[in-house]
Protein chains: 2
Amino acid sequence: MDSAAKVLRAKGMMATRLSEIAEGAGMLAPSIYYHFKSKDVLVEKVMLEGIYRNTRYILAAVEGKNAGIDPVERLRTGIRAHVEFLLSDDDYSSAVARVFPELPEEMRGRVLAAYAAFENCWRDLIVAAHPKGGSIDAPVARKYLIAMLDSTPMWYRRGKLKPAQIAEQAADLFLGGYLAAG
Amino acid sequence: MDSAAKVLRAKGMMATRLSEIAEGAGMLAPSIYYHFKSKDVLVEKVMLEGIYRNTRYILAAVEGKNAGIDPVERLRTGIRAHVEFLLSDDDYSSAVARVFPELPEEMRGRVLAAYAAFENCWRDLIVAAHPKGGSIDAPVARKYLIAMLDSTPMWYRRGKLKPAQIAEQAADLFLGGYLAAG
DNA sequence: GTCTATAATCAGATAGAC
DNA sequence: GTCTATCTGATTATAGAC
C-alpha cells in the first residue's frame with residue numbers, strides 16, 4: 001500500500017501500473033494479487049487510508065493545545081495543517097488529493113462515506129468561523145477551499161518558499177476573503 | 001473535435017475512449033484516423049483550442065466596455081468571466097480545466113506555450129491589482145486562483161445558485177483575501 | 001508469499017473495400 | 001470519408017510451480 005500511495009500520488013489512478021506499484025514494493029505484479037483482490041480494491045484501500053489520515057491530522061491540529069477556541073484561529077490552524085501535510089513526505093494525503101477527483105463513479109460511491117467525514121470536518125470549521133452577515137455560502141466556500149489546498153502538491157516545487165509559508169499564504173488568502181465578504 | 005471536447009470534459013483523458021468520441025460524432029472509431037493521426041493529437045488540438053478560447057474570453061471581458069481601468073475591477077471581471085465560461089455549454093473550456101492537470105508529461109510540454117499565454121493573462125491581472133505591502137506572492141495567488149476556478153465544473157450542480165452567483169462568490173472570496181492580506 | 005508462465009481483455013491503430 | 005476486419009501492444013488477472 002505504501003508503494004501504491006507513492007505511485008498514485010505521482011501519476012494518478014489511470015496512469016498507475018500495477019507493475020510499478022509492485023516494483024516499489026520489491027516484487028512482481030502478479031504477487032500483488034496475493035494481498036489484494038484487484039487493482040480497484042488496492043486503490044480504494046489507499047483512498048480510505050488517505051482520507052482518514054487527512055481528517056485525523058486536521059482534527060488533531062485543531063484540537064491541539066495551540067489551537068485555542070477562537071473559531072477563526074481554529075480554521076486557520078486546520079488550513080495550515082492540511083497544506084503542510086499535503087506537502088510532507090506522507091504519500092497517502094496527496095494521493096487522495098490527486099486521485100479522488102478522477103475516481104470512477106462506482107468507486108467514488110464506496111469511498112464517499114469516509115470522504116464525507118473529511119468534508120464535514122471542513123464544514124464545521126467553516127460554519128463556526130462564518131462572519132455575521134457574510135455573503136459567501138458555506139458549501140461554496142468549502143468546495144473552493146478544498147480545491148485550493150488540494151492543488152498545492154501539483155504545482156509546489158521546493159525553492160525559496162517553504163511549505164509553512166505556502167500554508168500561511170493559503171490561510172491568509174482564504175480567510176481574508178471569507179471573513180471580509182459581507 | 002466538438003464530440004471529443006464533450007467527452008473529455010466529462011471523463012478526463014485516460015477514461016475517454018475513441019469509440020465514445022466517434023459515437024458522439026456519428027461515426028465509428030477507425031474513422032477518426034482519417035481526420036487525426038492519433039488520439040494524442042486529437043486531445044492536444046482540443047486542449048489548444050480550449051486554452052485559446054479561455055484566454056480570449058477573459059481578455060475580451062477585461063477589455064470590454066464595462067470593464068473600466070481600475071485594476072481590481074478588471075481582475076474581478078476576469079474571474080467572473082472565467083467561471084461563467086466554465087459553467088457554460090462550451091465544452092472546450094471545462095475540458096481544459098479537467099484534462100490539463102492529468103496530461104502526460106510529454107504532451108503538457110507541447111501545450112505549454114499556449115497555456116503560458118493563459119497564465120500570463122492571469123499574472124498581469126493579478127500583478128496589476130496587487131495591494132501595496134501585500135504579503136501574498138503573485139505566483140502563489142495565481143496558482144490558487146486558477147485551481148479554485150477550474151474546480152467549479154467538478155462540483156457545481158444546477159440548483160438555487162446560478163453560475164453568475166457562483167462567479168460573484170469566487171470573485172469575492174479571492175479578491176477579499178488577496179487585497180486584504182498585507 | 002513470490003515466482004514463471006499464460007490467459008483474457010481491451011483500446012489504439014492499420015489495411016483495404018466501398 | 002466511412003466502413004469492416006484485423007493487428008498490435010499493453011495491462012489486468014489467473015494457474016500452478018516452488
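Just so we're on the same page: letters track the sequence lines, and every chain starts at 1. Since the model is a prediction, treat every value here as computed from it, not as a measurement.
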Pick out the pairs of N or O atoms, protein on one side and nucleotides 15-18 of chain C on the other, that lie under 3.5 Å.
none

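Ring geometry for Tyr57(A) against Phe85(A) counts as parallel: the plane angle stays under 30°, on a 0 to 90° scale with 60° as the upper cut. Classified by interplanar angle (parallel below 30°, tilted 30° to 60°, perpendicular above 60°), the ring pair Tyr178(B)/His130(B) is perpendicular. Taking the six-membered ring for Trp and thresholds of 30 and 60 degrees, Tyr144(B) and Trp155(A) have ring planes more than 60 degrees apart, a perpendicular arrangement.
In this structure, the CZ atom of Phe36(B) is 16 Å from the C1' atom of dG12(C), given to the nearest Å. Taking atom NZ of residue Lys39(B) and atom C1' of nucleotide dA13(C), one finds them 12 Å apart after rounding to whole Å. Residue Tyr34(A) contributes atom OH, which lies 18 Å from atom P of dT4(C) at whole-angstrom precision. We find that CG of Leu28(A) is positioned 14 Å from P of dT12(D), with the value rounded to whole Å.
Taking a cutoff of 4.0 Å between a charged side-chain nitrogen and a carboxylate oxygen, Arg76(A) and Glu73(A) qualify as a salt bridge. Here Glu63(B) pairs with Arg74(B) in a salt bridge; the nearest charged N to carboxylate O distance falls below 4.0 Å.
Distance from the side chain of His35(A) is smallest to dG1(C) among dA13(D), dT2(D), dG1(C). Listed candidates were dT14(C), dT12(D), dC3(D). Nearest to the side chain of Tyr33(B) is dT14(C).
Dashed line: the shortest gap from a side-chain N or O of Ser31(B) to OP1 or OP2 of dG1(D) is not under 4.0 Å.
Contacts between residues 17-27 of chain B and DNA chain D, defined by a heavy-atom separation below 4.0 Å, involve Met27(B), listed by number.
Using a 3.5 Å distance cut-off with no hydrogens or angles, the side chains of Arg53(B) and Ser93(B) do not pair a donor with an acceptor.
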Next on the checklist: As a quick check of understanding, evaluate salt bridge (charged side-chain N to carboxylate O under 4.0 Å, His left out) for Glu106(B) and Arg110(B), giving each step before the final call.
Outcome noted: CA-CA 7 Å; Glu106(B) 138 261 5; Arg110(B) 286 200 300 271; 3.3 Å; yes
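Few gaps surround CD on Gln165(A); more than 12 heavy atoms of other groups in view lie less than 6.0 Å from it.
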